[in-house]
Amino acid sequence: MGSILSVDSLTKVFTRKGQPDFAAVDHISFEVDPGECLGIIGESGSGKSTAAAMITRLIDPTEGRIILDGQDITRLRGRQLQTAYRKMQMVFQTPTESFDPRRTLGDGIGESLRNYGHCRAEVDRRVAQLLEQCGLPADFARRYPHQVSGGQCQRAAIARAIAIKPKLLICDEATSALDVTIQREILALLSDLRREMNLSILFICHDIALVQQFCDRVLVMYKGRIVEEGVPDEVIRNPQNDYTKRLIESIL
Amino acid sequence: MMKQPTVRPVKIRRDTVRARLIVFGILAVLLILCSLFSEYLTPCDPYLQDLSNAKAAPSAQHIFGTDRYGRDMLSRVIVGTRTSIFSTLLLVAVITVIGTVIGVFCGWHGGTIDTVLMRISDMFLAFPGLVFALAVAGVLGGGLHNAIFALAAISWPKYARIARSQTLSQKETPWLMAARLSGSGTVKILAKHILPNIIGPILVTSMLDIGTMMMELAGLSFLGLGAKPPIAEWGSMMSENRALMTTVPWITMAPGLAIFVSVMIFNLLGDTVRDYADPKTRGR
Ligand SMILES: Nc1ncnc2c1ncn2[C@@H]1O[C@H](COP(=O)(O)OP(=O)(O)OP(=O)(O)O)[C@@H](O)[C@H]1O
Ligand SMILES: [Mg+2]
C-alpha cells in the first residue's frame with residue numbers, strides 16, 4: 001500500500017542579498033500513510049510553515065521531491081497543479097485572514113467546487129451541507145470573515161478545505177490562534193472528519209500535548225531538520241535527542 | 001456618560017463626510033452634465049465674431065464681457081467645459097487603467113520584466129512632469145491629443161507604483177494562498193481577489209488627480225501646446241487674451257474662474273472620497 005504523501009530530502013534555501021544563504025528546511029524526508037495523522041512539532045522558526053508551503057507548492061522547493069498519491073508534483077504548474085490540489089488542502093493558522101475580506105464565507109467555501117465545474121445551485125447546496133457538517137448554521141454562508149469569531153471562521157476554513165473531498169489535509173497550526181476550549185472543539189471536528197472521510201492529516205503544531213492527543217506519529221523539527229521521529233507517547237517518555245528533551249522539559 | 005466622547009466624534013465626522021460627499025458629488029455631476037450639454041446651455045454663439053462689440057465690459061447681455069473678436073466670454077467658457085473637463089476625465093481614466101494594469105502585472109509576475117518596467121517608471125517619475133510634457137508636445141507638435149498623450153506618459157508611473165505595492169502585499173496574504181489551493185487560476189485570482197482589494201486607494205488617487213490634471217492640461221494649452229484656437233479651451237482662452245489684461249482686466253476672469261472653481265470642486269471631491277474610504281472614519 002503506497003503512502004499518500006512522500007517527501008524526499010525537501011530543502012528550501014532562502015537567498016538574500018548581503019546575507020549568507022539560509023536553509024529554512026534542510027533535507028527533510030518523511031511519509032504520510034493513508035488515514036494516518038502525522039504531527040510535526042518544533043519551535044518557532046524551525047521551518048514547519050516553510051515545509052507546508054513547499055508541500056502545497058505555494059513556494060518552490062530548492063531541492064527534493066514531493067510525491068502526492070503516487071504522482072510527482074514537485075514541478076507541476078498551472079492546470080496540472082490545480083488538478084493535484086483536489087487531493088490536498090490546507091487549513092491556515094490565521095482563520096480570519098484566510099478568507100478574502102471582501103467575499104462571503106460561502107463564496108470562499110464554494111470556490112473550489114465552482115472551479116471544478118459544479119453548477120451554482122449545486123454549489124450553494126453543498127456549501128450549506130459543508131457548513132452544517134462543520135458545526136455552523138447554513139446561513140453563515142452569507143457572512144463576511146470579520147462578522148464571525150475566530151473559531152467559527154476556522155470551522156468555515158475546514159469546511160472549505162474538505163469541500164472537494166481531499167485525501168490529505170495539512171493543518172498549519174490550525175488551532176494556535178484559538179483559545180483552549182475552541183481548540184478542543186476544532187480537534188474533535190477534525191477527528192470526526194478524519195473518521196468519516198478517511199482523511200490523512202499532516203498536523204503542524206508547537207504544542208506537544210495536542211500532538212500527543214491527536215497524532216499517530218510525530219516528527220520533531222529543529223532548525224530545518226528532522227531530529228526525531230516516533231509515536232508521540234514514546235517520544236515524550238523517552239526522547240533521544242537533546243533538543244527534544246529540552247522541548248519536553250520546558251512543557252512539563 | 002463615559003462613552004460619549006469616544007463614540008460621538010466618529011459619528012459626527014462620518015456624517016459630515018457623507019454630507020460633503022453628496023454636495024461635491026452633485027457639483028461634479030453638474031459640471032460633467034454641463035460639459036455634455038454645453039451646446040444647449042450657451043446664451044450666445046461662442047464662435048460668432050462681432051468686431052463692433054469687441055472687448056466689451058461685462059453687461060446684462062455679456063455677463064463676462066467679450067473677447068477681442070467680440071465673442072461672448074460666458075458662452076466660450078461653457079463650451080470650453082467640454083474640452084477641459086472631458087479631456088481631463090479621459091486622461092485620468094487612461095492613466096488609471098494603464099498604470100493599474102502595468103502595476104498589477106509587475107507585482108504579480110515579478111522578475112526581470114518587473115525590474116525593467118519599474119526602472120522605466122522611475123525615469124518618468126524623476127523628470128519634472130510639465131517639462132517632459134513640453135518636450136513630448138514639442139516633438140509631436142501641439143494639439144489636444146498630443147497634450148493628453150504627453151501628460152499620460154508622465155503620469156501613469158504613480159498608479160503603477162501604487163498598484164504594484166498593493167499587489168505585492170496582497171500576494172502574501174493567506175486568503176490568496178487559499179484561493180490558489182482552491183484551484184483558481186491566475187486570471188480568476190487577479191480579477192476576483194486582487195483587483196477588488198486594491199482598487200480603493202487607486203480610485204482615491206485618481207479622484208485627487210483630476211484637479212491636478214485639469215490644471216496641467218490648461219497649462220499646456222496656455223503655453224500653446226494643447227487645444228488650438230479657435231477651439232474654446234480655458235487655458236488657451238487665458239493665453240489668447242492675456243496681452244489685453246492691462247487694458248481690459250475682466251477679460252481673463254471667466255476662464256480663470258472656471259478653472260479655479262472646477263479644480264476646487266474636483267479636489268474637494270477627491271479629499272472627501274479619501275476620507276470616506278479611510279477605514280478610520282468608517283464604522284464597522
Ligand atoms: N520568504 C522568506 N525569506 C527569508 N527567510 C524566510 C522566509 N520565510 C521564512 N523564512 C525563515 O525561515 C525560517 C522558518 O520559518 P517558518 O515560518 O517555516 O517557521 P515555523 O516553524 O513555521 O515557525 P512558527 O512556529 O513561528 O510558525 C524562519 O527563520 C524564517 O525567518
Ligand atoms: Mg508557521
Side-chain angles (χ1 to χ4, degrees), chain A residues 49 52-53 55-59 77-103 105 107-118 123 144-147 153-154 156-158 160-161 163-164 166 168-170 172-174 177, chain B residues 10 14 100 104-105 107-116 118-119 122 162-163 165-204 273 276-284:
Chain A
S49 294
I55 292 167
T56 47
R57 292 297 319 283
L58 293 171
I59 60 174
R77 303 216 146 266
R79 244 327 106 72
Q80 286 174 312
L81 186 58
Q82 286 163 26
T83 313
Y85 283 150
R86 300 192 74 147
K87 293 182 189 159
M88 161 172 75
Q89 285 294 314
M90 175 138 104
V91 179
F92 296 83
Q93 175 170 0
T94 46
T96 314
E97 276 151 41
S98 74
F99 282 94
D100 188 335
R102 283 174 196 276
R103 303 214 154 246
L105 297 180
D107 196 86
I109 297 169
E111 188 161 346
S112 56
L113 294 169
R114 280 193 304 277
N115 283 333
Y116 296 115
H118 295 255
V123 170
Y144 286 88
H146 67 265
Q147 295 172 326
C153 215
Q154 199 61 301
I158 292 172
R160 169 176 63 193
I164 41 166
L168 174 68
L169 187 64
I170 299 172
D172 186 3
E173 312 210 18
Chain B
V10 173
R14 179 101 187 123
T100 307
V104 168
F105 175 79
W108 181 258
H109 196 273
T112 324
I113 195 151
D114 170 33
T115 319
V116 171
M118 281 303 120
R119 285 301 147 271
D122 279 346
I162 300 173
S165 70
Q166 293 275 328
T167 306
L168 280 178
S169 64
Q170 291 288 315
K171 228 170 123 178
E172 301 295 316
T173 56
W175 69 75
L176 217 75
M177 307 204 164
R180 279 164 71 184
L181 276 168
S182 296
S184 297
T186 306
V187 175
K188 204 165 193 174
I189 285 179
L190 288 179
K192 268 188 67 176
H193 296 285
I194 293 200
L195 214 51
N197 276 302
I198 68 170
I199 203 72
I202 294 176
L203 283 184
V204 168
V273 169
Y276 192 73
D278 183 356
K280 268 175 255 151
T281 64
R282 184 185 295 185
R284 256 285 156 90

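To find a chain, count down the sequence lines: A is the first, B the second, and so on, and within it residues start at 1. The basis for the numbers below is simple: all heavy atoms, side chains too, and nothing from hydrogens, waters or symmetry mates.
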Novice: Name all residues meeting the side-chain contact (heavy atoms from CB on, under 4.5 Å) criterion together with B:Arg180; count only those two or more places apart in sequence or in a different chain, and write none if there are none.
Specialist: A:Leu58, B:Ile189
Novice: Show the nearest heavy-atom pair for residues B:Ala179 and A:Glu111, with the distance to one decimal.
Specialist: CB-OE2, 3.7 Å
Novice: Between B:Gly185, B:Pro196, B:Ser184, which has the largest tally of heavy atom pairs under 4.5 Å with chain A?
Specialist: B:Ser184
Novice: If you take all heavy atoms of A:Asn115 and B:Gly183, which pair is closest and at what distance?
Specialist: ND2-C, 3.3 Å
Novice: What are the residues of residues 169-177 of chain B, in order of number, with any heavy atom under 4.5 angstrom from a heavy atom of chain A?
Specialist: B:Pro174, B:Trp175, B:Met177
Novice: Would you mind checking which part of A:Arg160 comes under 4.5 Å of any heavy atom in chain B, side chain (CB onward), backbone (N, CA, C, O), both or neither?
Specialist: side chain
Novice: Is A:Asp100 salt-bridged to B:Lys192, cutoff N-O under 4.0 Å?
Specialist: no
Novice: Mind checking the CG-CD spacing from B:Leu181 to A:Gln82? Nearest 0.5 Å is all I need.
Specialist: 11.0 Å
Novice: Please state whether the side chain, the backbone, both or neither of A:Phe99 comes within less than 4.5 Å of a heavy atom of chain B.
Specialist: backbone
